[in-house]
Amino acid sequence: MGDDVGLYEEMMSRGLIAQVTDERVAEILDGSSISAYIGFDPSADSLHVGHLVQIFNLRRLQEHGHRPIAVAGGGTGLIGDPSGKSEERNLLDSEVLSQNLIKIRAQLSRFLDFDCGESSALVLNNADWLGKISLIDYLRDVAKHFSVNQMVAKDSVKSRLNEREQGISFTEFSYMLLQSYDFLHLFDNFACRLQMGASDQWGNITSGIELIRKMRQQAAYGLTTPLVLKADGTKFGKSESGTIWIDPEKTSPYQFYQFFLRAEDEVVGGYLRSFTWIGEDELSELDLATAEQASKRLAQSALAEAVTEIVHGPEMARKVQVAARALFSEDILSLSPDVLEMAIEDAPVHYVSADALARGVGVVDLFYAAGLANSKSESRKVIAQGGAYVNNSRVSDIEASVSSGDLIVGGVVLLRRGKKDYVVVRVRG
RNA sequence: GGGUCGGUGUCCGAGUGGCCAAAGGAAGCAGACUGUAAAUCUGCCGGCUCAGCCUACGGGGGUUCGAAUCCCUCCCGGCCCA
């Protein structure tokens with residue numbers, strides 16, 4: 001970052017630009033202050049790492065003197081964007097949605113500056129304007145400008161139309177009109193001339209630009225970023241277990257850190273560029289490190305540290321780093337009490353009564369109760385397969401039990417499933 | 001509203017009266033090898049009081065010694081027609 005390089009060039013060199021609607025986008029980004037917006041889908045109660053790219057883009061805009069506008073789609077969220085979706089979505093009810101919105105706005109706020117004069121950020125809810133427009137007005141003034149023929153040709157719609165088994169409802173079909181209207185509204189009220197988004201938003205963005213051109217005879221612009229994919233080629237936020245949330249309640253900072261630390265070689269470079277502010281020089285050093293001494297995993301460490309710091313703060317970043325090191329050291333028993341304490345501070349805790357522990361608790365029950373297995377059957381299987389550890393030593397006997405004698409420094413028992421899932425057992429009472 | 005095809009485990013998808021907790025694939029989980037990577041290999045992959053039992057093939061009802069499979073009905077979806 002910094003002012004020596006233009007915003008467009010910076011984004012380009014980081015590989016953050018997939019497409020622009022017009023070459024003039026470069027001039028606009030590097031020119032005098034404008035307003036630009038990105039929409040966020042409030043279908044979950046937290047943003048996840050996939051959103052980070054867009055959040056950072058808003059921040060980039062701000063750093064270069066532009067006004068970033070984040071639109072949390074309270075209105076569009078009720079409808080559902082068909083882009084990239086192979087099937088009709090379940091509609092969210094408005095109560096859930098408004099809860100989600102509150103949380104998402106709070107999260108966005110952490111990354112943007114709301115008090116820096118002209119370029120102060122805005123977080124808006126499109127329900128504020130979409131909720132007001134009447135059906136007749138909508139059909140006369142907005143929908144009139146859309147050709148069904150063109151809409152049908154858009155990829156997001158076409159794929160659903162061609163699918164034998166899956167159709168598309170009119171509700172989702174008309175989603176595009178709502179997002180287009182958002183852009184128009186922002187153009188009118190906030191002089192917003194640029195919309196950014198992930199590349200799957202291309203169709204929605206261009207149709208907004210068209211609407212503005214038709215209704216106001218003025219130019220607006222769009223820019224998309226490449227979708228940042230996981231190493232297996234899927235999007236972030238797809239499977240429920242694989243989603244890395246920004247909310248520490250949903251994904252603990254420890255897990256968050258671990259996710260990035262475990263990034264595959266093929267994707268670290270891209271992640272570093274998308275998810276951190278690390279500059280050119282360091283980036284090329286890290287690329288080199290990955291190429292030449294991959295086993296040191298310097299890029300992964302730098303990535304994990306940097307992202308965790310941005311999202312969860314420097315203090316937390318340090319903590320989880322210590323935890324990671326301590327928990328992966330072979331001899332947990334030799335750790336000093338305070339290092340151990342720090343290491344397990346962030347781990348989930350399971351309490352057992354002193355009585356029960358004195359009598360001894362079966363490992364199968366313990367792993368299940370501690371949440372390390374979803375059922376006792378699963379617990380049994382994991383143990384039998386050698387994936388269960390008590391105080392870092394493997395327990396493969398289903399009949400084994402844990403008792404007071406297993407308490408280590410600090411009066412805890414450390415349970416582990418597989419390589420990375422820890423639960424701390426503490427005595428209650 | 002009519003016709004027609006379909007609704008199977010996390011997902012895709014086979015199964016068309018018993019041999020079905022249900023082929024195959026993907027995802028996931030554990031192990032081995034590594035670098036807390038990838039690839040590869042092995043095992044697991046509904047639940048429980050675990051050599052047995054219970055719950056499951058959209059919901060409900062029925063036929064049958066026996067049904068994911070046949071019949072009725074309802075719900076949901078695709079396509080065609082109105």
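In the text below, chain A, chain B and the rest are named by the order of the sequence lines, each starting its count at 1. Treat the numbers as computed from the prediction; the structure is a model and nothing was measured.
- Distance from the side chain of Y389(A) is smallest for G31(B) among the nucleotides G35(B), G31(B), G47(B).
- Pair assignment for G1(B): C81(B), on the basis of Watson-Crick or G-U wobble contacts that are both within less than 3.5 Å.
- Listed candidates were U49(B), A37(B), G31(B). Nearest to the side chain of R394(A) is G31(B).
- Among the atoms of the strands shown, none is found under 4.0 Å from any heavy atom of R416(A).
- The side chain of A294(A) lies closest to G35(B), out of U36(B), G35(B), U49(B).
- Side-chain atoms of K419(A) lie closest to U34(B) of the nucleotides U34(B), G35(B), A38(B).
- For the P atoms, the distance linking U36(B) with C54(B) amounts to 48 Å, nearest Å.
- Nearest nucleotide to the side chain of Q300(A), out of G31(B), G35(B), U36(B): G35(B).
- K144(A) NZ: 12 or fewer foreign heavy atoms inside a 6.0 Å radius.
- A gap of 35 Å separates the P atoms of G31(B) and A14(B), to the nearest Å.
- A gap of 32 Å separates the C1' atoms of C75(B) and C65(B), to the nearest Å.
- Note on K103(A) versus E249(A): no salt bridge recorded, every NZ/NE/NH1/NH2 to OD/OE distance being 4.0 Å or above.
- Atom CD of E378(A) and atom P of G47(B) are 7 Å apart (whole Å).
- With rounding to whole Å, Y368(A) atom OH is found 20 Å from A30(B) atom C1'.
- Between the CD atom of Q255(A) and the C1' atom of U36(B) there is a distance of 14 Å, rounded to whole Å.
- Picking from A38(B), G47(B), G35(B) the nucleotide with the shortest atom distance to the side chain of S377(A) gives G47(B).
- Candidate nucleotides C48(B), A38(B), A30(B) were compared by shortest atom distance to the side chain of R417(A), and A30(B) ranks first.
- Across all strands shown, K381(A) has heavy atoms under 4.0 Å from sugar-phosphate atoms exclusively, and none from any base.
- Regarding L272(A), its CG atom lies at a distance of 18 Å from the P atom of A37(B), rounded to whole Å.
- As rounded to the nearest Å, G62(B) and G17(B) have C1' atoms that lie 15 Å from one another.
- Closest-nucleotide positions on RNA chain B for A388(A) and D365(A) were compared, and the one nearer the 5' end corresponds to A388(A).
- You won't find any donor-acceptor pair under 3.5 Å spanning the side chain of Q385(A) and the base of G31(B), going by distance alone.
- Between H185(A) and W129(A), the ring-plane angle classifies as parallel under the 30° and 60° cut-offs.
- Both G386(A) and S375(A) lie near RNA chain B, and the one whose nearest nucleotide falls closer to the 5' end is G386(A).
- Less than 6.0 angstrom separates the ring centroid of F56(A) from the ring centroid of W277(A).
- With a 6.0 Å cutoff to the six-membered ring centre and a 45° limit on the axis angle, R59(A) does not count as a cation-pi contact of F111(A).
- G18(B) sits 11 Å from C70(B) when the P atoms are compared, rounded to a whole Å.
- Base pairing analysis places G28(B) opposite C44(B); the two distances defining the Watson-Crick or G-U wobble pair are each below 3.5 Å.
- K319(A) and E309(A) are not joined by a salt bridge, as no carboxylate oxygen comes within less than 4.0 angstrom of a charged side-chain nitrogen.
- Under the Watson-Crick or G-U wobble criterion, with both distances below 3.5 Å, A21(B) has no partner in any strand shown.
- For C57(B), there is no paired nucleotide, since no Watson-Crick or G-U wobble pair has both relevant distances below 3.5 Å.
- Shown here, C33(B) forms no base pair; nothing in the strands shown gives a Watson-Crick or G-U wobble contact with both key distances under 3.5 Å.
- Separation of the C1' atoms belonging to G9(B) and A22(B) is 9 Å when rounded to the nearest angstrom.
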